[in-house]
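Structure first, commentary second.
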2 protein chains.
Amino acid sequence: MVQKSKPPAAANEPERRGEPKRRGRPRTYEPDVALGKALDLFRRQGFAATSLDDLSEATGMNRPSLYGAFGDKRELYIKSYQRYREDARASMVEIFREEMPLRQRLERIYAAALNIYLSGETGPRGCFTVVTAASEAVGDPEIRAMVLEGLAELDKAFANCFRRAKEKGELPAGADPAALAQLASATVHTIAIRSRARVPRKELEGIVKGAIDVMVGAGTRS
Amino acid sequence: MVQKSKPPAAANEPERRGEPKRRGRPRTYEPDVALGKALDLFRRQGFAATSLDDLSEATGMNRPSLYGAFGDKRELYIKSYQRYREDARASMVEIFREEMPLRQRLERIYAAALNIYLSGETGPRGCFTVVTAASEAVGDPEIRAMVLEGLAELDKAFANCFRRAKEKGELPAGADPAALAQLASATVHTIAIRSRARVPRKELEGIVKGAIDVMVGAGTRS
DNA sequence: GGATTAATTTGCGATATGGTACAAAAATCG
DNA sequence: CGATTTTTGTACCATATCGCAAATTAATCC
């Protein structure tokens, strides 16, 4: 009994730092992984086609726990979308930040995008921003605002990238970074859509390659 | 009583030619307009979020009539999508066929697309091919096949258009019609998505303008 | 007019759905 | 241990949903 207050720091518990001891009955789920499962489902099926029972089964949480942890279905959808955005941003931010030639940067961005869009055990799931734009965004102002933000964020990142390339002389003086950025975003959107129609990866990579060729200046013979 | 078999060809009935006399109780709806109403709803709300009651109310047909005329909800969705494709094709086929400069052709195609995507009493409804790709296409092979066909049809039309332009010398010898076509389709897809997020028309027109500039060769000073 | 045909109308039924109330369970605190 | 706190599990409710069966209405055919 000298010190049994803490069982020997058992390994399989996450043991949050900073959150020393939770008071009541411990959770049987980890909120982060549960949210990830919910996101998976929403990405595949959309909001309306995904029932609370589906979500309950996928997360392993029963409905009251779901409700307690994330709020109602709409709130869960919104949190899932925010999570998606964080994940997507995390997978690209380094590529946008690092120093590298324009063409290489674009290639790596699109490779990252394709990895996101083509992942999924039961088939490719596309881009959640596009899925949401095509469904809930028309009718729900709050969700629409988030989608707009997502679209704008990508535009901005691409614009930045073309602006820098132009300054470094990788683009002709007449090039319009903003216009190129929107073409680059458009290419992201088209592969997001096509991936959901199960267009094979090779073909999507071909589209990306063609788009990059045009954007970095098809005139420039390699 | 000399000839009362036909009431004097009353004007307000469509009076199909070739279909001389229908046998039983006359329909109170016109299948074409009913299908149009169903399409409107599906475009706005998607498949799962649209109930048979919604469709019944919008078409003025009650559920059994709907069922009798179009089959179940999924069949109605499929017929709605086919109708959408016919409408969209009709609004563009002339522009693709007529003889005109490349830039003008692109401008007119995108103007037609924007008209389709921004129409709708309760807000813009976007492109039904994109909406369907983002929802039902992943899970339903038959619907997916139609979506693929819709995507390919547009690609092909654009490719044709760039190929002809190249032959006429409107594009540099190194231009790749297929790659340009996919960029042109990508631009269609991006404005379809953005329109559903209520990006204002002016901004969409700006995107189109920038894309056209790049595609017809930004190098070519006007 | 009576039979036939085809559409409409009403209403049902089985199930699914989103959300919640309430008691039991599992931890900490004193 | 007993009180407290937090989560879980079961059950439930009101409503929505899809699809259909049965009866009704309105037209044509003979």
Side-chain angles (χ1 to χ4, degrees), chain A residues 1 3-7 9-10 12-16 19-35 38 41-42 45-80 136 140, chain B residues 1 3-7 9-10 12-16 19-35 38 41-42 45-78 136 140:
Chain A
M1 283 184 185
Q3 42 173 206
K4 87 174 178 191
S5 54
K6 273 178 195 167
N12 77 354
E13 289 238 357
E15 185 68 23
R16 308 284 177 87
E19 238 178 286
K21 32 215 150 196
R22 296 189 53 83
R23 265 295 246 138
R25 178 172 176 171
R27 282 197 282 250
T28 61
Y29 59 91
E30 285 190 65
D32 281 354
V33 323
L35 187 56
L41 258 195
F42 277 136
Q45 305 180 339
F47 178 82
T50 302
S51 70
L52 285 185
D53 280 333
D54 294 337
L55 293 163
S56 183
E57 192 192 330
T59 57
M61 304 162 65
N62 42 35
R63 282 207 298 284
S65 292
L66 262 181
Y67 199 84
F70 303 112
D72 69 10
K73 193 178 161 187
R74 178 173 170 278
E75 287 180 84
L76 177 52
Y77 188 86
I78 290 178
K79 291 193 170 82
S80 297
E136 308 313 307
D140 189 316
Chain B
M1 285 187 188
Q3 40 173 208
K4 85 172 180 193
S5 55
K6 276 177 191 164
N12 77 355
E13 289 237 357
E15 184 67 24
R16 307 286 178 87
E19 236 180 287
K21 32 213 150 194
R22 295 190 51 87
R23 268 291 249 144
R25 177 172 177 170
R27 284 198 279 250
T28 60
Y29 59 91
E30 285 192 67
D32 282 354
V33 323
L35 188 56
L41 259 195
F42 277 136
Q45 304 180 341
F47 177 81
T50 303
S51 72
L52 285 185
D53 280 333
D54 294 339
L55 293 163
S56 183
E57 192 192 330
T59 58
M61 303 162 65
N62 41 36
R63 282 206 300 284
S65 293
L66 261 182
Y67 198 83
F70 303 111
D72 68 8
K73 192 178 162 186
R74 179 174 168 277
E75 287 181 83
L76 177 53
Y77 189 85
I78 290 177
E136 309 313 307
D140 189 315

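All chains are named by letter (A, B, ...) in the order of the sequence lines, taking the proteins before the strands, and each is independently numbered beginning at 1.
Closest of all the heavy-atom pairs between B:Asp54 and B:Ala49 is OD2-O, 3.9 Å. Heavy atoms only, all atoms of each residue included: B:Tyr29 and B:Ala34 are closest at CD1-CB, 4.4 Å. The nearest pair of heavy atoms linking A:Met61 to A:Ala69 is CE-CB, 3.8 Å.
Comparing the local axis fitted to the first five base pairs of the helix from C:dG1-D:dC30 to C:dG30-D:dC1 with the one fitted to its last five gives a bend of 0°, rounded to 10°.
In this structure, the side chains of B:Leu76 and B:Leu35 come closer than 4.5 Å at one or more pairs of heavy atoms. A:Ser65 has its side chain out of reach of A:Tyr67: every pair of non-hydrogen atoms, C-beta onward, lies at least 4.5 Å apart.
As a whole-Å value, the separation of B:Asp53 CG from D:dA16 C1' is 8 Å. Atom CZ of B:Phe70 and atom P of C:dT8 are 10 Å apart (whole Å). Between A:Asp72 atom CG and C:dG19 atom P there is a gap of 5 Å when expressed in whole angstrom units. Here the C1' atom of nucleotide C:dG18 and the CZ atom of A:Phe42 are 12 Å apart, to the nearest Å. Per the geometry, NZ belonging to A:Lys73 stands 12 Å off C1' belonging to C:dG19, to the nearest Å. Atom CG in B:Leu52 sits about 14 Å away from atom C1' in C:dT15, given to the nearest Å.
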At under 4.0 Å between heavy atoms, which parts of nucleotides 4-13 of chain D does protein reach? Answer with one letter per nucleotide, 5' to 3': B base, S sugar-phosphate only, - none.
BBBBSBB-B-

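For D:dC18, the OP1/OP2 oxygens have no side-chain nitrogen or oxygen of B:Tyr67 closer than 4.0 Å.
Ring geometry for B:Phe42 against B:Phe47 counts as parallel: the plane angle stays under 30°, on a 0 to 90° scale with 60° as the upper cut.
With hydrogens and angles disregarded, a donor-acceptor distance shorter than 3.5 Å links the side chain of A:Thr50 to the backbone of A:Gly46.
Side-chain contact, A:Ser56 with A:Asp53: no donor N or O sits under 3.5 Å from an acceptor N or O.
Within the 4.0 angstrom heavy-atom criterion, no nucleotide atom of any strand lies near B:Ser56.
More than 12 heavy atoms of other residues, nucleotides or ligands sit less than 6.0 Å from atom CD of A:Glu75.
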